[in-house]
Amino acid sequence: MRRLPAALLVVVAAVGVTAAVAQTGREDARPAAARPAAELPAANAVLPRAPKQMAATLTATTRRLRAAIGRWDPARAVPASVTYHALHHQRLLRFMAARRALGDGALRRLPRSVRGEARDTVIGLRRLAAIPRDPRHLPATRITTAARAAALRRDYAAAQRRFGIHWSVLAAINFVESAFGRIRSASESGAKGPMQFLPSTWRQYGMGGDIGDPHDAILGAANLLHSAGAPRDLDRALFAYNHSTDYVRAVRRFAARMRSDERAYLAYYAWQVFVRTPSGSHRVTGPGHT
């Protein structure tokens with residue numbers, strides 16, 4: 001049975017989503033006054049409207065974000081330098097995904113060092129936005145703090161050793177399903193936890209663990225995928241996880257990017273949560289959100 005990932009409601013949806021939000025945790029939410037203004041972009045900076053300017057801005061932002069990631073210890077909380085550059089990076093790519101002509105024009109102008117990540121991310125976002133959704137049956141969205149990036153990376157690695165599912169695939173599912181565990185509410189179909197299991201499916205694949213625990217949920221997801229034919233037939237296994245070809249293609253895009261460059265995992269991890277409401281898209285985590 002097809003189900004809409006919880007994260008799709010709030011992280012990457014382009015149109016037509018309504019949600020209520022209850023926040024129980026915060027990522028790095030330091031105000032602009034606490035950051036070096038000359039180095040970091042404003043949380044709600046105006047985005048370019050022309051492909052050439054978009055390409056130039058995304059290139060500079062991606063390079064600054066990668067440099068900031070290189071100075072970050074993922075066993076610690078996301079620092080302000082990564083938070084602000086990742087937010088600008090996210091807003092640019094979301095805008096490129098939603099505005100196809102602008103996005104495609106910018107992609108053609110990007111240097112090779114940036115183009116692959118941007119292309120995979122934009123296509124992944126568009127695939128998720130294409131999954132049909134019913135805005136009449138959306139649950140309230142509860143936001144909390146994610147497990148540290150280094151801890152999650154160890155959990156993906158443990159699941160890979162046990163079940164043979166590449167860590168990047170598990171990270172991509174965790175990203176798409178719950179923004180790495182930040183979204184703790186159930187989906188509209190009743191799926192729960194950081195890997196968004198239906199309770200009946202969890203009883204079959206959860207191995208007696210806690211559906212809400214990241215380590216247990218990641219192992220359960222790897223167990224399900226392995227039972228469904230992965231890694232030999234990953235597309236079939238991902239379709240068993242969520243019956244949508246757009247979902248399968250999105251996860252494959254994000255996983256390929258993280259597998260190619262692990263900095264992409266840390267960039268996605270540092271992204272913020274957005275909610276689509278009748279009055280527009282609103283960010284509900286990170287600096288300067290309203």
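Heavy atoms only: backbone and side chains are in, while hydrogens, waters and symmetry mates are out.
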Trainee: Which distance, rounded to the nearest 0.5 Å, do you find between the NE2 of His88 and the CG of Leu40?
Mentor: 11.0 Å
Trainee: Would the number of heavy atoms belonging to other residues, nucleotides or ligands and lying under 6.0 Å from CZ of Arg126 be above 12?
Mentor: yes
Trainee: Side-chain donor-acceptor pair under 3.5 Å between Gln196 and Ser178, yes or no?
Mentor: no
Trainee: Just wondering, do Thr59 and Arg109 contact through their side chains at under 4.5 Å, heavy atoms?
Mentor: no
Trainee: With rounding to the nearest 0.5 Å, note down the distance linking CG in Asp213 to CE in Met195.
Mentor: 12.0 Å
Trainee: Examine distances only and state if a side-chain atom of Arg184 and a backbone atom of Arg182 form a donor-acceptor pair shorter than 3.5 Å.
Mentor: no
Trainee: Looking at Gln90 and Trp271, would you say the former's side chain and the latter's main chain have a donor-acceptor pair under 3.5 Å?
Mentor: no
Trainee: Mind checking whether Tyr156 and Val78 sit in one hydrophobic cluster, side chains of I, L, V, M, F, W, Y counted as touching below 4.5 Å?
Mentor: yes
Trainee: Please name the pair of heavy atoms, one in Val169 and one in Leu238, separated by the smallest distance, quoted to 0.1 Å.
Mentor: CG1-CD2, 4.2 Å
Trainee: Side chains of Tyr247 and Tyr241: does their closest heavy-atom pair fall under 4.5 Å?
Mentor: yes
Trainee: In a check of side-chain hydrogen bond (donor to acceptor under 3.5 Å, both in side chains) between Glu117 and each of Arg263, Arg257, His89, which one passes?
Mentor: His89
Trainee: Group every Ile, Leu, Val, Met, Phe, Trp and Tyr by side-chain heavy-atom contacts under 4.5 Å, then state whether Val248 and Leu128 land in the same group.
Mentor: yes
Trainee: Check for me, please, whether Leu47 and Val122 land in the same ILVMFWY cluster - side-chain distances under 4.5 Å, paths through other members count.
Mentor: yes
Trainee: Would you verify whether the NZ or CZ of Arg203 falls within 45 degrees of the ring axis of Phe197 while also being under 6.0 Å from that six-membered ring's centre?
Mentor: no
Trainee: Does a sphere of radius 6.0 Å around CZ in Arg115 hold more than 12 heavy atoms from other residues, nucleotides or ligands, not counting ones at 6.0 Å or beyond?
Mentor: yes
Trainee: Kindly indicate whether the side chain of Leu224, heavy atoms from C-beta on, has any atom under 4.5 Å from the side chain of Gln204.
Mentor: no
Trainee: I need the Phe163 CZ to Leu225 CG distance, nearest 0.5 Å.
Mentor: 10.0 Å
Trainee: Search all heavy atoms of Thr61 against all heavy atoms of His85 and return the closest pair with its distance.
Mentor: CG2-O, 3.6 Å
Trainee: Are Tyr205 and Ile218 connected in the hydrophobic side-chain network, where two residues link if heavy atoms are under 4.5 Å apart?
Mentor: yes
Trainee: Give the minimum heavy-atom separation between Met54 and Ala106, together with the two atoms involved.
Mentor: CG-CB, 3.6 Å
Trainee: To the nearest 0.5 angstrom, please state how far the CG atom of Leu266 sits from the CE atom of Met258.
Mentor: 10.0 Å
Trainee: Taking the six-membered ring for Trp, are Phe254 and Tyr268 parallel (under 30°), tilted (30 to 60°) or perpendicular (over 60°)?
Mentor: perpendicular
Trainee: Going by salt bridge (Lys or Arg N to Asp or Glu O under 4.0 Å), name the pairs with one or both residues in residues 147-166, residues two or more places apart or in two chains.
Mentor: Arg153-Glu262
Trainee: Any idea which heavy atoms bring Ala118 and Leu110 closest together, and the distance?
Mentor: CB-CD1, 3.6 Å
Trainee: Would you name the heavy atoms of Arg63 and Ser113 that are closest together and state the gap between them?
Mentor: NH2-OG, 3.6 Å
Trainee: Quick one: does any side-chain atom of Ser81 pair with a main-chain N or O of Ala68 as donor and acceptor, under 3.5 Å?
Mentor: no
Trainee: If you define the side chain from C-beta out and look only at heavy atoms, does anything of Leu234 sit under 4.5 Å from His166?
Mentor: no
Trainee: Quick check on Arg76: does its CZ atom have over 12 non-hydrogen neighbours (other residues, nucleotides or ligands) under 6.0 Å away?
Mentor: no
Trainee: Say whether, by atom type as modelled, one donor and one acceptor occur between the side chain of Arg49 and the main chain of Gln53 under 3.5 angstrom.
Mentor: no
Trainee: Yes or no on side-chain contact (heavy atoms from CB on, under 4.5 Å) for Trp202 and Asp216, after CA distance, side-chain angles and deciding distance?
Mentor: CA-CA 10 Å; Trp202 181 254; Asp216 293 352; 4.2 Å; yes
Trainee: Which value, rounded to the nearest 0.5 Å, describes the distance between Leu87 atom CG and Leu92 atom CG?
Mentor: 9.5 Å
Trainee: For the atom pair OG1 (Thr83) and CH2 (Trp72), what is the distance rounded to the nearest 0.5 Å?
Mentor: 8.0 Å
Trainee: Can you check whether Pro51's main-chain N or O pairs, donor with acceptor, with Arg108's side chain at less than 3.5 Å?
Mentor: no
Trainee: Would you check if Val82 and Leu65 make a side-chain contact, meaning some heavy-atom pair closer than 4.5 Å?
Mentor: yes
Trainee: Do Arg119 and Arg253 have side chains that get closer than 4.5 Å, going by heavy atoms?
Mentor: yes
Trainee: Under 4.5 Å between any side-chain heavy atoms of Phe95 and Leu58, yes or no?
Mentor: no
Trainee: Can you see which heavy atom on Pro194 is nearest to which on Ile211, and at what distance?
Mentor: CD-O, 3.5 Å
